[in-house]
Each structure stands twice: as C-alpha cells, then as structure tokens.
Amino acid sequence: MLMRTDPFRELDRLTQQALGTAGTWSKPAAMPMDAYRAGDEFVVCFDLPGVAPDAIELDIERNVLTVKAERRPLPGGDNVEMQVSERPLGMFSRQLFLGDSLDTDRIAADYEAGVLTLRIPVAEKAKPRRIEISGDRSGRKEIQA
C-alpha cells in the first residue's frame with residue numbers, strides 16, 4: 001500500500017526534535033504520521049497541532065502524495081514578551097509513495113483537533129474477489145449399472 005523510500009527521514013526528524021529546530025521552505029521538517037488499513041480503505045493521520053486549515057496543502061501527482069503545512073507564529077505586538085517558546089514554527093512536509101492498489105482519484109481529507117486524516121479507498125482491481133472455475137464435462141465418462 002505505502003512504500004517508504006527515505007531511511008534518513010526519521011533521523012532528520014529526531015535531530016530536529018532534539019535541537020528544537022523548525023523547518024524552512026528549502027528544508028521542511030517532517031510531521032509525525034500513522035498509517036493503517038481499515039476494511040476497504042487506507043487511512044493516514046498526520047499530527048499538525050496549531051496549524052490553521054488554510055495553511056495545509058495536499059497535492060498528488062501520479063502516485064506521489066505530498067502534504068505541506070506551515071505553523072505560523074502567534075500574533076504579537078509591542079506589548080508581547082515571549083517567556084517560553086518550545087513549539088516549532090515553520091514548514092512541515094511529507095511525501096507518500098502510494099501503491100497502484102489505491103484509488104488516488106477518491107481521496108477524502110478531514111482536519112479536526114490538529115489531526116489531518118486522509119482516507120484513500122482501495123482500488124476495485126485490488127480488492128479480493130472469487131474466481132469461478134468452469135470444468136470441461138466432455139472428458140468424464142458416466143458409469144451405468
């Protein structure tokens with residue numbers, strides 16, 4: 001269903017988390033995700049807390065799904081003095097290489113409580129099906145008593 005091709009992505013994510021660095025336009029940070037199959041659909045959930053829905057982009061080209069998001073700084077002013085700043089800001093991005101067994105034309109996206117959930121149906125051609133077997137009865141001999 002889902003093909004992973006970048007073994008260093010998790011290492012980059014852990015390094016950014018440990019150093020407290022955020023993603024930039026040229027090198028976006030990774031976003032955590034879960035992926036699982038539920039019946040006839042493939043579900044992918046991305047953690048994007050504090051990201052406005054209008055700051056999320058979803059693109060698909062061939063079988064490559066790209067999710068981009070930007071966590072913007074809180075509105076400030078002259079009276080604001082930051083005391084603690086631990087939440088990373090900046091760009092986040094993730095690419096998924098989807099298998100041919102998924103119907104990429106019918107992807108549904110939902111964003112609730114800081115979690116972007118994508119539901120991708122399994123393609124009809126990839127669903128299990130029973131194949132009828134026809135037998136040639138002409139080769140059988142009937143025994144008469």
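Please read these numbers as outputs of a predicted model, since none were measured by experiment. Side chains are part of it too, since the values below use all heavy atoms of this structure and drop only hydrogens, waters and symmetry mates.
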Give every donor-acceptor pair under 3.5 Å between a side-chain atom in residues 72-84 and any protein atom, sequence neighbours left out.
| unit_1 | atom_1 | unit_2 | atom_2 | d |
| --- | --- | --- | --- | --- |
| Gln83 | NE2 | Glu81 | O | 3.3 |

Side chain to side chain contact (heavy atoms under 4.5 Å, CB included) between Leu58 and Thr66, intermediate numbers included: CA-CA 6 Å; Leu58 291 173; Thr66 304; over 6 Å; no
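- Within the 4.5 Å cutoff, the side chain of Val67 has heavy atoms near those of the Met31 side chain.
- Using a 4.5 Å heavy-atom threshold, the side chains of Ile120 and Asp103 count as separate.
- Shown here for Lys68 and Ser93, the closest heavy-atom pair between the two residues is CG-OG, 3.9 Å.
- In this structure, CZ on Phe42 lies 9.5 Å from CZ on Arg37, to the nearest 0.5 angstrom.
- With hydrogens and angles ignored, the 3.5 Å screen pairs no side-chain donor or acceptor of Arg106 with any backbone N or O of Ala108.
- The structure places CZ of Arg62 at 14.0 Å from CG of Leu98, a figure rounded to the nearest 0.5 Å.
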Show me, pair by pair, the donor-acceptor contacts under 3.5 angstrom made by side chains of residues 109-117, not counting sequence neighbours?
| unit_1 | atom_1 | unit_2 | atom_2 | d |
| --- | --- | --- | --- | --- |
| Tyr111 | OH | Leu48 | O | 2.8 |
| Tyr111 | OH | Val51 | O | 2.5 |

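- Of all the heavy atoms in Arg119 and Pro121, the pair that sits closest is O-CD, 3.8 Å.
- Of the listed residues (Val43, Leu65, Leu96), just one forms a side-chain contact (heavy atoms from CB on, under 4.5 Å) with Leu118, and that residue is Leu65.
- For the pair Asp47 and Pro49, the tightest heavy-atom approach, listed with the atom from each and the gap, is C-CD, 3.4 Å.
- When side chains are defined from C-beta on, Ile60 counts as touching Ile107, because their heavy atoms get closer than 4.5 Å.
- Scanning for side chain to side chain donor-acceptor pair (under 3.5 Å) contacts around Asn63 gives Asp100, with sequence neighbours left out.
- Residues Glu70 and Met91 approach most closely at CB-SD, 3.6 Å, considering heavy atoms.
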